[in-house]
Amino acid sequence: MQGFGLLPFVEVKQDKKGLFSLKGNNGTLSQFFRILPSAMAKNYPFRSVEEKWQKIWSTKAAHKTPTLSGEDSAKKCYVLEMLPYPSGKIHMGHVRNYCIGDVLARFKKATGHKVLHPMGWDAFGMPAENAAMQNGTAPKTWTYQNIEAMKATLLALGVSYDWERELATCSEDYYGHEQQLFLEMYEKGLVYRNESWVNWDPVDNTVLANEQVIDGKGWRSGALVVRKKLPHWCLRITHYVEELLANLDTLGATHEKAGWPEKVLTMQRHWIGKSEGGLIQFGFSEDSADRLKDYKDPSLVVFSTRPETLFGASFCALAPTHPLIEFLAQADASLAQFVQKCHEAPTTESTLSVAEKQGYDTGIRVKNPVKPTETFPVYAANFVLMEYGTGAIFGCPAHDERDFDFAKKYHLPIVSVIRPENSAEAVLPYVETNGIMENSEFLTGLTVLEARKNVLDALEKKGDALRKTTYRLRDWSVSRQRYWGCPIPMIHCPKCGTQPVPKADLPVLLPEDVDFQKSGNPLDHHPTWKNVTCPQCGGEAHRETDTLDTFFESSWYFLRYCCPKATTPLDRDAVAQWMPVDLYIGGVEHAVLHLLYARFFNMVLCDLGYLEAREPFSVLLSQGMVCHTSFQDEKGQWVYPDDVESLANGRLVKKADQTPIRAMRAEKMSKSKKNIIDPERMMDTYGVDALRIFIMSDTPYEKDFDWNTDALEGSWRYLNKMWRLCEGVRDDYTFSEDLLAFSLKKTLTQEEAPLLLKTAHRYLKKITQALDQFAFHKALAFHRELTREIENNVGKEAHACDEAFLAEILHIWCEALAPFAPHFALEVYATLFEPKDACVELKWPVLREDLAYSETVTIAVQVNGKLRETFEIERDAEDAVLQTEGLKLEKIQKFIQGKKIKKIFIVRNKLLNIVVEDR
RNA sequence: GCCUGCUUGGUGGAAUUGGUAGACACAACAGACUUAAAAUCUGUCGAUUUUACGAUCGUGCCGGUUCAACUCCGGCAGCGGGCACCA
């Protein structure tokens, strides 16, 4: 039957199953569509498909890590996602993280890499103890219950983890080995015990991290936090500071290779905070000698990065905890009072920074080392930190804002010693370092940098200075007065002092009969656990009751994944095979602490002989947060998105009582603001693959992601549409097993290949490139375009595209989707090509590079840089041909008529710009 | 305050790294199918202007380089992130 007149050309055909379909190729009916009984227009049955493939993966051990032989080493690929804390439920942030990791792991595996893709649990930490205090569940029970629940969700998500390598950091096996590593570090001199100031909660009897101090009060007890000196176990991360800093330069991304984001490298550089300067000695003035005759040091040592400003110095300021201040306070009650006041003030660095600058004139005076006739006062000051430099500074008010404020407050002289290069006088404080020295005797007239070198040379010669580099980074205090952590394997003996636990006695196990109702560290008031005999003298001794900071566990878990069953902490060969991690994916919130500690550990373990690669993570992908609008009711209470209803007039009300709701801006999903979407509910409603596709769509991985359930539904519709497309194909075609093999073997020229095959290869190339650049959202956009091409052409071109070619096209289409939607892709693959389900994961399609470009190109024609017309021409046409063709165009003629052509610019295969005289 | 990013339709975002701005989606609107709805399919969707063909403007703002600028340079504004008495 054929149409005529205004009716489109239509062909009605009846297929094998007796269904009718219409084919048309008119503009209004360009779509191939099918008349289907409503029962046939069914959706992708995600539940059964997911269940089926997850079962197959598990029984066939599809995600087991391959063993590597020698020649495989170039093909190894270690894909790692930051291990989660088992808080109880998988949240959307996790889903995003693990989807990125899984797409990469599956893509790498499909392209022939030998992939290690493990998962585990960062299982020690406070929430488990809080749960114990609140509901009496033992931390261990609570933690393992959570692990079980979260693991079930991850399995349901279809993430390709090798679960045989799963580890929980709270297991004896893991922390026992960790204790051994701790002892080896101790033997190497990398562990020491130190007294330092901590935030102490006097009600809970525990140390608080800075983040746990809120407005100077303990976050749990509400008690006023005090500073307390406490013995701590510390790790000498500062021994590695130069390497930690220098290697950052090698980690960045280049044209040739991916690397770490520049942002993270910058943050680590700042955290390390290297500054070069000098230690400068200030002698005490003669009139102070009397008060200082019993003081241990004959002079005051100050660290400065700006020694060239010494001629403008007018005071020294010391930390309240500086030994000189402590010494003077013994004889000066009001100084002691001032020091006391400083100690009581809120103690976090952020609250310190807003506090007013306060000083106390000690009455002591020091001599200016470059001008010994001049003396100036020594203050105790609340803004000087004992932890940085020497805990003492000299102030040059003219060239430092803080010193300027201080000098004004206490009426100290302000003398300019640097003037800007181009003007006679600076607006003070002048803090720039480009300038010329003035009022500085032998330095006057020099540039700042010359003066700095000069003055240090001069002072060093006299023995009054020593060049020195200081860092912001401090040694890592790993002690926590907590129960649910790795016990520090040390013993305190009243006779022999502190002794390491003999390695044969490891692991030091956590006791399980613990009382959480008393405040303080449960290990400390356990009746028997800490009683032990001294390994040296055999006398009565007691265990260290501090446990390790949980960052300790996360600093080496990625190494243990290489050899999870090893009887030593690490198996050198296995680690050498897999390390470094090729792709590390996680949240940017770990940019500094975790990633710095892990790098440090990696270096230490190299030096302990466990591995060779000094940097653990080659490429770091830091993903953005998952955000959602948060809602508040009239009373300012947070409301779950699920409890909010949008009325026809656009207003928002509470479902329960129809009271108005206010929508706040989108921010990171968090329990406290209730702006959370439960991944499991989304998986139940739309299926896992829809969720996986959605979370990888639209937004680049590194940016924050605004949750949008409508758009998730769009991904679900996309899967249904593809599902229907496949049903149509199945009705029309049967692909024999040798068909594809035949097609792939065949070499094809541009002329032989049907258009759709060329299109498929063009998109395959784009999708592959996008994935190589981690542009997942673009890969999916291209896949949608490919789907549309297939949809628009498969019916129409049935005779022009024989079955072998179509088989190849559909292979590309299905395999390119597999990393994103593995269940769907496998099911489609199985129903089209592989009815026996023999295939448990798909290979990446083979690209026919020579077909991946079309033989014609569109040339844009511009006149004076403005687009006026386009035309089609065969690829790689000569410039002269392009020019003639372009100038021939009617529209172009209109624009250049009667004007003189000045110049013509030609970009091969792209564009033609005709520059004419403009009148 | 210092250091960093970022700024493109109603929204998320593309743009082969200087060469056709708005791919692909979400939302919205219109139409087809349907008794109706849902689903599905089709179309429209930066602004101004034009009956129409089209034209002009348009990538936070101002200026520059260039045949050609979202892209490069200089200045400004806004938003986000990191660090914050660091001597």
Side-chain angles (χ1 to χ4, degrees), chain A residues 28-31 33 36 38 41-43 261-271 273-275 277 280 302-307 309 316-317 319 349-350 352-357 381-385 387-396 400-403 405-406 431 470-472 588-589 591-592 624-625 694 697-700 702-706 708-715 717-718 720-721 724 766 769 775 777-785 787-788 858-870 891 902-907 909-916:
Chain A
T28 59
L29 192 63
S30 63
Q31 193 69 22
F33 57 88
L36 292 168
S38 58
K42 65 180 180 196
N43 288 335
E262 217 37 60
K263 182 184 171 181
V264 174
L265 297 176
T266 309
M267 281 164 70
Q268 291 218 350
R269 279 191 196 102
H270 285 197
W271 192 264
K274 177 176 180 172
S275 53
I280 300 163
V302 156
F303 175 73
S304 174
T305 55
R306 305 281 313 265
T309 62
C316 275
E349 289 188 344
S350 56
L352 269 179
S353 68
V354 262
E356 202 193 338
K357 290 165 189 49
N382 62 345
F383 62 87
V384 181
L385 305 172
E387 292 85 355
Y388 188 79
T390 61
I393 63 162
F394 79 78
C396 175
D400 182 285
E401 250 167 88
R402 193 196 45 206
D403 296 348
D405 293 345
F406 193 80
V431 298
T470 329
Y471 303 89
R472 208 190 82 99
V588 74
E589 65 270 22
V592 176
M625 300 181 294
F694 167 61
S697 304
D698 294 350
T699 305
E702 75 274 14
K703 290 188 68 171
D704 286 353
F705 180 100
D706 271 333
N708 176 354
T709 305
D710 281 334
L712 166 60
E713 200 169 309
S715 300
R717 282 199 302 263
Y718 180 50
N720 289 332
K721 178 183 166 147
R724 286 193 300 272
K766 286 175 134 183
Q769 272 172 354
H777 64 304
K778 284 196 250 172
L780 283 168
F782 295 141
H783 193 270
R784 279 177 183 265
E785 288 184 44
T787 302
R788 184 184 300 184
T858 310
I859 304 295
V861 188
Q862 302 179 330
V863 178
N864 286 354
K866 271 187 188 160
L867 178 75
R868 295 302 178 184
E869 183 64 299
T870 59
K891 245 190 186 161
K902 287 207 294 200
K903 197 164 168 107
I904 295 181
F905 290 86
I906 295 171
V907 183
N909 293 331
K910 233 170 233 170
L911 159 143
L912 184 67
N913 187 11
I914 304 158
V915 184
V916 297

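Sequence lines set the chain letters: A, B, ... in the order given, protein chains first and strands last, and positions in each chain run from 1.
With C1' as the reference atom, B/G60 and B/G46 are 16 Å apart, rounded to whole Å. Spacing of P atoms, B/C62 relative to B/G9, comes out at 15 Å, to the nearest Å.
Under the 6.0 Å distance and 45° angle rule, A/K778 does not count as a cation-pi partner of A/F782. In this structure, A/R472 forms no cation-pi arrangement with A/Y388, as its terminal cationic atom is not both closer than 6.0 Å to the ring centre and no more than 45° off the ring axis.
Toward the 5′ end of RNA chain B lies the nearest nucleotide of A/A781, the other residue of the pair A/A781 and A/F905 mapping further downstream. The 5' end of RNA chain B is approached more closely, in terms of each residue's nearest nucleotide, by A/P700 than by the other of A/P700 and A/D400.
Using a 4.0 Å heavy-atom cutoff across all strands shown, A/K766 reaches no nucleic acid atom at all. As judged by a 4.0 angstrom heavy-atom cut-off over every strand, A/T858 is placed among the base-contacting residues. Counting non-hydrogen atoms under 4.0 angstrom, A/V384 reaches a base of the nucleic acid. Residue A/R717 is in sugar-phosphate contact alone, with no base atom involved, counting any heavy-atom pair closer than 4.0 Å across all strands shown. At a threshold of 4.0 angstrom between heavy atoms, the contacts of A/D698 include nucleobase atoms, whether or not backbone atoms are also involved. Nucleic acid contact class of A/G714 (heavy atoms, under 4.0 Å, all strands): sugar-phosphate only. A/V915 comes within 4.0 angstrom of the backbone, heavy atoms only, and of no base. Within 4.0 Å of A/Q862, counting heavy atoms only, lies at least one base atom of the nucleic acid. When heavy atoms are screened at a 4.0 angstrom cut-off, A/S697 is found touching no nucleic acid atom at all. Contacts of A/D710 with the nucleic acid, taken as non-hydrogen atoms under 4.0 Å apart, involve only primed sugar atoms and P, OP1 or OP2.
In this structure, A/Q268 places its CD atom 17 Å from P of B/U4, rounding to the nearest Å. Put simply, CH2 on A/W271 is 15 Å from C1' on B/C3, counting in whole angstrom units. Here B/C26 presents its C1' atom at 15 Å from CG of A/L780, a figure rounded to the nearest Å. Spacing between atom NZ of A/K721 and atom C1' of B/U40 amounts to 10 Å, rounded to whole angstrom units. We find that CZ of A/R788 is positioned 12 Å from C1' of B/U42, with the value rounded to whole Å. Rounded to an integer number of Å, the gap from CD of A/E702 to C1' of B/G12 is 14 Å. Taking atom NZ on A/K703 and atom C1' on B/A14, their separation rounds to 12 Å, with Å as the unit. B/G13 atom C1' lies 14 Å from atom CG of A/D704, rounded to whole Å.
Shown here, B/G5 forms a base pair with B/C79; the pair counts as Watson-Crick or G-U wobble because both key distances fall under 3.5 Å. Look at B/A27: it lacks any Watson-Crick or wobble partner with both distances under 3.5 angstrom. Across all strands shown, nothing is found opposite B/A14 as a Watson-Crick or G-U wobble partner with both distances under 3.5 Å. Pairing for B/G74 is with B/C62, a Watson-Crick or G-U wobble pair whose two hydrogen-bonding atom distances lie under 3.5 Å. Taking a pair to require two hydrogen-bonding distances under 3.5 Å in either a Watson-Crick or a G-U wobble arrangement, B/U56 pairs with B/A47. The partner of B/A36 is absent, by the rule that a Watson-Crick or G-U pair needs both atom distances under 3.5 Å.
If you take CG on A/N720 and CD on A/E713, they are separated by 10.0 Å, rounding to the nearest 0.5 Å. The distance from the CG atom of A/D706 to the NZ atom of A/K703 is 10.5 Å, given to the nearest 0.5 Å. One distance of note links OG of A/S275 with CZ of A/R306; it measures 12.5 Å at 0.5 Å rounding.
The shortest distance between side-chain heavy atoms of A/Y718 and A/H783 falls below 4.5 Å. Using a 4.5 Å heavy-atom threshold, the side chains of A/I280 and A/P307 count as touching. By the 4.5 Å heavy-atom criterion applied to side chains, A/V264 and A/T266 are not counted as neighbours. Looking only at side-chain heavy atoms (C-beta outward), A/T309 and A/F394 come within less than 4.5 Å of each other. Side-chain atoms of A/F694 and A/F705, non-hydrogen and from C-beta on, do get closer than 4.5 Å to each other.
When the side-chain nitrogen and oxygen atoms of A/R402 are compared with OP1 and OP2 of B/G1, none of them lie within a distance under 4.0 Å. Between A/H777 and B/G12 there is no side-chain polar atom (N or O) within less than 4.0 angstrom of OP1 or OP2.
Look at A/Y388 and the base of B/C86; the rings do not stack under the cut-offs of 5.5 Å between centres and 30° between planes.
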Taking only nitrogen or oxygen atoms into account, show me every contact under 3.5 Å that the protein makes with nucleotides 54-58 of chain B, one pair per line with its distance.
unit_1	atom_1	unit_2	atom_2	d
B/U56	OP1	A/R868	NH2	3.3
B/U56	OP2	A/R868	NH1	3.0
B/C57	OP2	A/K866	NZ	3.2

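The side chain of A/N913 has B/G19 as its nearest neighbour among B/A87, B/A15, B/G19.
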